[in-house]
Amino acid sequence: MTTTPAPPKPAPGPGTIASESALHLPVIAWFEAHARDLPWRRPEAGPWGVMVSEFMLQQTPVNRVLPVYEEWLARWPRPADLAAEPPGEAVRAWGRLGYPRRALRLHAAATAITERHGGVVPDDHAELLALPGVGEYTAAAVASFAYGRRHAVLDTNVRRVLARAVTGVQYPPNATTAAERRLAQELLPGEEAVAARWAAASMELGALVCTARTPVCGRCPIADRCAWRAAGSPEHDGPPRRGQTYAGTDRQVRGKLLAVLREAVAPVPQEALDAVWDEPVQRARALDGLVADGLVEPLEDGTYRLPLT
DNA sequence: TACACGTGGTA
DNA sequence: TTACCAAGTGT
């Protein structure tokens with residue numbers, strides 16, 4: 001007898017995962033009641049405000065971003081306003097948020113938006129991704145938060161929520177895996193507006209309740225269906241999560257050098273930079289790195305300043 | 001894939 | 001006090 005080939009299994013579309021509504025509805029309802037009133041979530045922030053906040057929030061906590069964000073938006077309310085200034089001004093106004101290359105990239109993104117997109121932050125994921133400093137996460141976040149588009153927004157908070165609630169482990173892997181992307185995509189609500197809400201809500205849940213160190217399961221809207229809790233909240237067993245040493249590294253030296261240049265109103269002589277670190281080889285390497293990254297501009301007379309171009 | 005890249009708060 | 005952690009990106 002002939003066997004009829006089984007029809008291709010329909011790809012699991014949105015809404016096919018049984019747990020979807022069981023997760024989405026309570027998390028979104030919780031979000032409506034408990035979301036923080038952050039300035040970049042207000043309507044007046046606009047797409048540019050969302051983009052600025054996303055750059056600043058890359059690896060920097062909300063509380064430290066808040067005052068700098070307000071300064072930036074007041075000073076540069078549109079991408080073209082930032083693009084009109086030297087990149088060094090962005091680095092200076094970045095202050096002590098850390099990872100100052102982000103300031104450079106945000107300035108470059110503002111320039112690209114001004115030149116290629118008519119000064120309007122693009123709403124298309126691929127166009128966002130093409131901008132300097134915009135990776136997979138930031139492109140999805142801007143498209144979703146600023147334009148209500150349907151994208152899986154997979155940041156460290158969402159990854160942790162999914163690891164616990166769905167996968168049943170304490171922590172996600174060190175690096176984002178294809179399995180995590182697949183899961184986030186499968187869990188994405190089919191309706192655009194609901195998807196955008198879910199993205200913000202699941203992220204906020206990870207930030208406020210399902211935290212890394214001490215999750216507050218007593219306040220979690222999905223604690224009763226959390227796979228990790230159901231498994232007895234087992235401790236993370238895999239390889240230790242990468243620590244970030246800092247003291248004595250080039251990063252620390254770069255930070256000290258750049259701090260001098262941020263505070264200076266005039267070009268800084270070599271001796272002023274030499275004073276921040278006594279080991280000359282490492283100091284020179286760090287300064288070279290800053291110049292190579294475009295964060296520092298060496299002048300003909302041997303002085304240094306934040307970049308004018 | 002693994003590492004470099006800042007800074008400061010928290011337990 | 002040390003170590004972890006914070007809305008990642010680029011190479």
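Just so it is clear: chains get the letters A, B, ... in the order the sequence lines come, proteins before strands, and each one is counted from 1.
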J.: On a whole-Å scale, what distance lies between the P atoms belonging to B:dG6 and C:dT1?
T.: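 Per the computed distance, 25 Å lies between those P atoms.
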J.: Which whole number of Å gives the distance between the P atom of C:dT2 and that of B:dC5?
T.: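 So the two P atoms sit 22 Å from each other.
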J.: Within this structure, what is the CZ-to-C1' distance between A:Phe145 and C:dA7, rounded to whole angstrom?
T.: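 Distance check: A:Phe145 CZ to C:dA7 C1' gives 7 Å.
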J.: Take atom P in B:dC3 and the same atom in C:dC4, then report the distance between them in whole Å.
T.: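 Those two atoms are separated by 15 Å.
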J.: What's A:Thr249 touching, base or sugar-phosphate or nothing? Going by heavy atoms closer than 4.0 Å.
T.: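 Nothing, no nucleic acid heavy atom in range.
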J.: Scan A:Arg96 against the nucleic acid and name what it touches under 4.0 Å (heavy atoms): base, sugar-phosphate only, or nothing.
T.: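 Counting heavy atoms under 4.0 Å across all strands, the contact made by A:Arg96 is with sugar-phosphate only.
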J.: Got a donor-acceptor contact below 3.5 angstrom from the A:Arg160 side chain to the A:Pro172 backbone?
T.: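 No.
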J.: Picking from A:Val161, A:Leu205, A:Val166, what satisfies side-chain contact (heavy atoms from CB on, under 4.5 Å) with A:Leu23?
T.: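 Between A:Leu23 and the candidates, side-chain contact (heavy atoms from CB on, under 4.5 Å) is satisfied uniquely by A:Val166.
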J.: Taking all atoms of both residues into account, what is the closest heavy-atom pair of A:Val276 and A:Lys256, and its distance?
T.: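 Between these two residues, the closest heavy atoms are O-CD, 3.6 Å.
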J.: Classify A:Gly98 by what it touches in the nucleic acid, base, sugar-phosphate, or nothing, heavy-atom distance under 4.0 Å.
T.: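 Here A:Gly98 touches the bases of the nucleic acid.
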J.: A:Arg254 side chain to A:Thr249 main-chain N or O, any donor-acceptor pair under 3.5 Å?
T.: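 No.
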J.: With sugar-phosphate meaning primed atoms plus P, OP1 and OP2, does A:Ala212 contact a base, only sugar-phosphate, or nothing at under 4.0 Å between heavy atoms?
T.: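 Answer is sugar-phosphate: A:Ala212 comes under 4.0 Å of backbone atoms only.
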J.: Looking at A:Thr138, does any N or O in its side chain come under 4.0 Å of the phosphate oxygens OP1/OP2 on C:dT9?
T.: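 For A:Thr138, the contact criterion (side-chain N or O under 4.0 Å from OP1 or OP2 of C:dT9) is met.
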J.: Is there a donor and acceptor pair closer than 3.5 Å between the side chain of A:Arg213 and the base of C:dC4?
T.: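 Yes, a donor-acceptor pair under 3.5 Å.
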J.: Is there any salt bridge (Lys or Arg N to Asp or Glu O under 4.0 Å) pair reaching into residues 205-233 of chain A, and which pairs are they, with sequence neighbours excluded?
T.: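 Residue pairs with at least one partner in residues 205-233 of chain A: there are none.
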J.: Distance-only, no hydrogens or angles: does the A:Arg78 side chain make a donor-acceptor pair with backbone N or O of A:Gly119 under 3.5 Å?
T.: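 It does not hold such a pair.
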J.: What is the distance, to the nearest angstrom, from the CG atom on A:Asn63 to the C1' atom on C:dC5?
T.: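 After rounding, the gap between these two atoms is 14 Å.
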J.: What is the separation between atom CG on A:Asp288 and atom P on B:dC5, rounded to the nearest whole Å?
T.: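 Value for this atom pair: 13 Å.
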J.: Grab the CZ-P distance between A:Arg159 and C:dA6 for me, whole Å please.
T.: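 Taking CZ of A:Arg159 and P of C:dA6, I get 11 Å after rounding.
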J.: If you go through the side-chain atoms of A:Arg101, does one of them form a donor-acceptor pair with the base of C:dT9 closer than 3.5 Å?
T.: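 For A:Arg101, whose side chain was compared with the base of C:dT9, there is no donor-acceptor pair (under 3.5 Å).
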J.: Do any of residues 33-61 of chain A sit with a heavy atom less than 4.0 Å from DNA chain B, and if so which?
T.: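 Result for residues 33-61 of chain A: A:Gln59, A:Thr60, sorted by number.
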J.: Between A:Leu128 (CG) and C:dT9 (C1'), how many Å, whole number?
T.: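 Whole-Å distance recorded here is 15 Å.
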J.: Which atom pairs, one a donor and one an acceptor, fall under 3.5 Å between side chains of residues 302-309 of chain A and the rest of the protein, sequence neighbours left out?
T.:
unit_1   : atom_1 : unit_2   : atom_2 : d
A:Thr303 : OG1    : A:Asp301 : OD1    : 2.6
A:Tyr304 : OH     : A:Gln270 : OE1    : 3.2
A:Arg305 : NH2    : A:Glu297 : OE2    : 3.3

J.: In this structure, how many angstroms lie between the P atom of B:dA2 and the CG atom of A:Asn174, rounded?
T.: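 After rounding, the reported distance stands at 8 Å.
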J.: Salt bridge check, A:Glu89 against A:Arg75: does any charged N sit closer than 4.0 Å to a carboxylate O?
T.: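 Salt bridge present between A:Arg75 and A:Glu89.
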J.: Just to be sure I understand the geometry, which residues of residues 252-280 of chain A put a non-hydrogen atom under 4.0 Å away from DNA chain B?
T.: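 Those residues whose heavy atoms fall under 4.0 Å from DNA chain B, taken from residues 252-280 of chain A in numerical order, are A:Arg254, A:Gly255, A:Arg262.
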J.: Test of understanding: with side chain to side chain contact (heavy atoms under 4.5 Å, CB included), list the residues that count as partners of A:Arg41, not counting sequence neighbours.
T.: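 For A:Arg41 the side chain to side chain contact (heavy atoms under 4.5 Å, CB included) partners, ignoring immediate neighbours, are A:Phe31, A:Ala35, A:Arg36, A:Leu38, A:Glu204.
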J.: Could you give the CG-to-P distance, from A:Leu154 to C:dA7, as a whole number of Å?
T.: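 From A:Leu154 CG to C:dA7 P: 13 Å.
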J.: From OH of A:Tyr246 over to C1' of C:dA6, roughly how many Å is that when rounded to an integer?
T.: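 These atoms are roughly 15 Å apart.
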J.: Using the P atom in both, what is the distance from C:dT9 to B:dG8, to the nearest Å?
T.: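 After rounding to an integer number of Å, I get 23 Å for this pair.
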J.: Could you work out the separation of B:dT10 and C:dA7 based on their P atoms and round it to a whole Å?
T.: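 Result for the P pair: 14 Å, nearest Å.
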J.: Whether the side chain of A:His151 engages the backbone of A:Ala139 through a donor-acceptor N/O pair (distance < 3.5 Å, no angle test) should be reported.
T.: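 No, A:His151 side chain to A:Ala139 backbone: no donor-acceptor pair under 3.5 Å.
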J.: Among residues at least two apart in sequence or on other chains, which ones pass ring pair (Phe, Tyr, Trp, His ring centres under 6.0 Å) with A:Trp72?
T.: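 Once residues adjacent in sequence are excluded, the partners of A:Trp72 under the ring pair (Phe, Tyr, Trp, His ring centres under 6.0 Å) criterion are A:Trp76, A:Trp94.
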J.: Check every strand shown and say whether A:Val134 touches a base, only sugar-phosphate, or nothing at a heavy-atom separation below 4.0 Å.
T.: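 Sugar-phosphate, no base atom in range.
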J.: Taking the nucleotide of DNA chain C with the nearest heavy atom to each, does A:Pro132 or A:Arg160 sit closer to the 5' end?
T.: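 The residue whose closest nucleotide sits nearer the 5' end is A:Arg160.
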J.: Counting side-chain heavy atoms from C-beta on, which of B:dC5, B:dG6, C:dG8 comes nearest to A:Thr156?
T.: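 Of the options given, the side chain of A:Thr156 lies nearest C:dG8.
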